[in-house]
Amino acid sequence: MDQDQPGNPVYVSCPLSNEVLSGERDIDNLTFDYRGLSRRGISMMGDEIVEIDSVKHAVVGKGGAVYNYDKLILAPGVSFDFGAIDGMSAELADTRIQHAWKAGAQTRLLRQQLKAMPDGGLCAIVATPNPFRCPPGPYERAAQIALYFSHHKPKSKVMIFDAKDAFSKQALFQAGWKEHYGDMIEWIPAAAGGEIEAIDADSMTLTGVVEDFHADVISLIPRQRAAELAFANGLTDASGWCPVDQQTFASTQHPDIHVIGDAVIAGEMPKSGYAANSQGKVCAMAVVAALNGQPAPAPS
Ligand SMILES: Cc1cc2nc3c(=O)[nH]c(=O)nc-3n(C[C@H](O)[C@H](O)[C@H](O)COP(=O)(O)OP(=O)(O)OC[C@H]3O[C@@H](n4cnc5c(N)ncnc54)[C@H](O)[C@@H]3O)c2cc1C
């Protein structure tokens, strides 16, 4: 079982998964079980939660099990809006046009496609508008693919089609690309026609605002929003993300439900594992304080 799915006994780390694409790392090396938590006395239920009853303070698992709570902490991650680009679908992502933005089976498939691509081919990365999980991720992915090409397929190219005109750590990335891979990576910002409106997977064609592009391998990273569990249970707002009190990470909609990680909008904090980890600590301290009748500590 190598795909992170709700209730799975393993978790596949997105951080470092771009290195699987260059062949520098095996995905088994990024696959973790939860024994570390069990050793700390945390009970792992291995269940997918399908419903939150904020009135009864209970969550319901896929098989009907009911778990009661005083405080509920959710870190459900992101979901994808495939409809924003014509011709794109969840089915295509699982078969031919991988986003690999939840590491696992799609990461392996994308690696296989890169290996099968002839030298002289083009790999297109379609980068999504803000906000999204891991702002530097698409640009790190370009570098890892170029690393593989430079050793094994030196006539090949990576093109990034972007819905934005600027990106995280842009100057560093562009200097690094140039230094290590020459002209192998090309970034096309929205202002230069980088925004993609449609995809035809049969002809491997991307329809841009200005012109069409053919590619041999396409990694299309879809627009993102909070995970379905948050949507279905009224924890999101019009932005598609979960608003929270940033001192406690309590949902502004349901005060006994706390949300952390990529699903929240929390000021300038990026959707990164690093931020999720910090939010978890702030949230845990606030929940412990509340259960002890104390005021929430003031985080820095
Ligand atoms: C290519 C890539 C590279 C990255 N590199 C970095 C990096 O170098 N550094 C960094 O800090 N961050 C990095 N990130 C970002 C990082 O992976 C995320 O920010 C982080 O995983 C967010 O954690 P989360 O808990 O919010 O969501 P997730 O890690 O997605 O965890 C959510 C969990 O909730 C489970 N879940 C969802 N719904 C349910 C349900 N209904 N019932 C039960 N379980 C459910 C999911 O199965 C999943 O296990 C990277 C991301 C990508 C895509």
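Just so you know, ligand 1 is whichever comes first in the structure, and atom 1 is the first atom listed for that ligand. The first residue in the sequence is number 1, and the count goes up from there.
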Separation between SG (Cys242) and CD1 (Ile265), nearest 0.5 Å, reads 8.0 Å
Assess the pair Phe167 and Trp187: is the distance between their ring centroids shorter than 6.0 Å?
yes
For Pro297 and Ala289, the nearest pair of non-hydrogen atoms, with its separation, is CD-CB, 4.1 Å
Atoms in ligand 1 flagged as close to Ala75, the criterion being non-hydrogen separation under 4.0 Å
25 (O), 31 (O), 32 (C), 33 (C), 34 (O)
Nitrogen or oxygen of Pro6 less than 3.5 angstrom from that of ligand 1
yes
Rounded distance [0.5 Å steps], NZ in Lys62 versus CD in Glu48:
4.5 Å
Heavy-atom proximity to atom 35 (C) of ligand 1, picking from Ala232, Ser13, Pro76, points to Pro76
Below 3.5 angstrom, do we get any N/O pair linking Tyr11 and ligand 1?
yes
CD1 (Ile52) and CG (Leu229) are apart, to the nearest 0.5 Å, by 4.0 Å
Near Cys14, which atoms of ligand 1 are under 4.0 Å from a heavy atom of that residue?
2 (C), 3 (C), 4 (C), 17 (O), 50 (C), 51 (C), 52 (C), 53 (C)
One finds that the ligand 1 atoms under 4.0 Å from a non-hydrogen atom of Lys271 are 19 (O)
Any nitrogen or oxygen of Asp262, side chain or backbone, less than 3.5 Å from one on ligand 1?
yes
For ligand 1, which atoms sit closer than 4.0 Å to a heavy atom of Glu48?
41 (N), 42 (N), 43 (C)
Under a heavy-atom criterion of less than 4.0 Å, does Val50 contact ligand 1?
no
Need the ligand 1 atom indices (1-based, order shown) with element for anything under 4.0 Å from a heavy-atom of Asp47.
43 (C)
Just jot down the ligand 1 atoms closer than 4.0 angstrom to any heavy atom of Ser17, in number order.
1 (C)
Have Asn233 and Glu51 got a donor and an acceptor in their side chains that come within less than 3.5 Å?
no
Value for CE (Met285) from CZ (Phe249), rounded to nearest 0.5 Å, stands at 10.5 Å
What distance separates Ile145 CD1 from Tyr181 OH, expressed to the nearest 0.5 Å?
11.0 Å
Regarding Arg225 and Thr236, is there a side-chain donor-to-acceptor distance under 3.5 Å anywhere?
no
Quick one: pull up CG in Asn18 and CZ in Arg111 and give me the separation to the nearest 0.5 Å.
12.5 Å
Between ligand 1 and Ala227, can you find any atom pair, the residue atom being a heavy atom, that is separated by under 4.0 Å?
no
Return a yes/no value for Asn18: is any of its N or O atoms, backbone included, closer than 3.5 angstrom to an N or O of ligand 1?
no
Could you say whether the N/O atoms of Gly273 and ligand 1 ever approach to under 3.5 Å?
yes
Under 4.0 Å to a heavy atom of Gly261 - the qualifying atoms of ligand 1, by number:
26 (O)
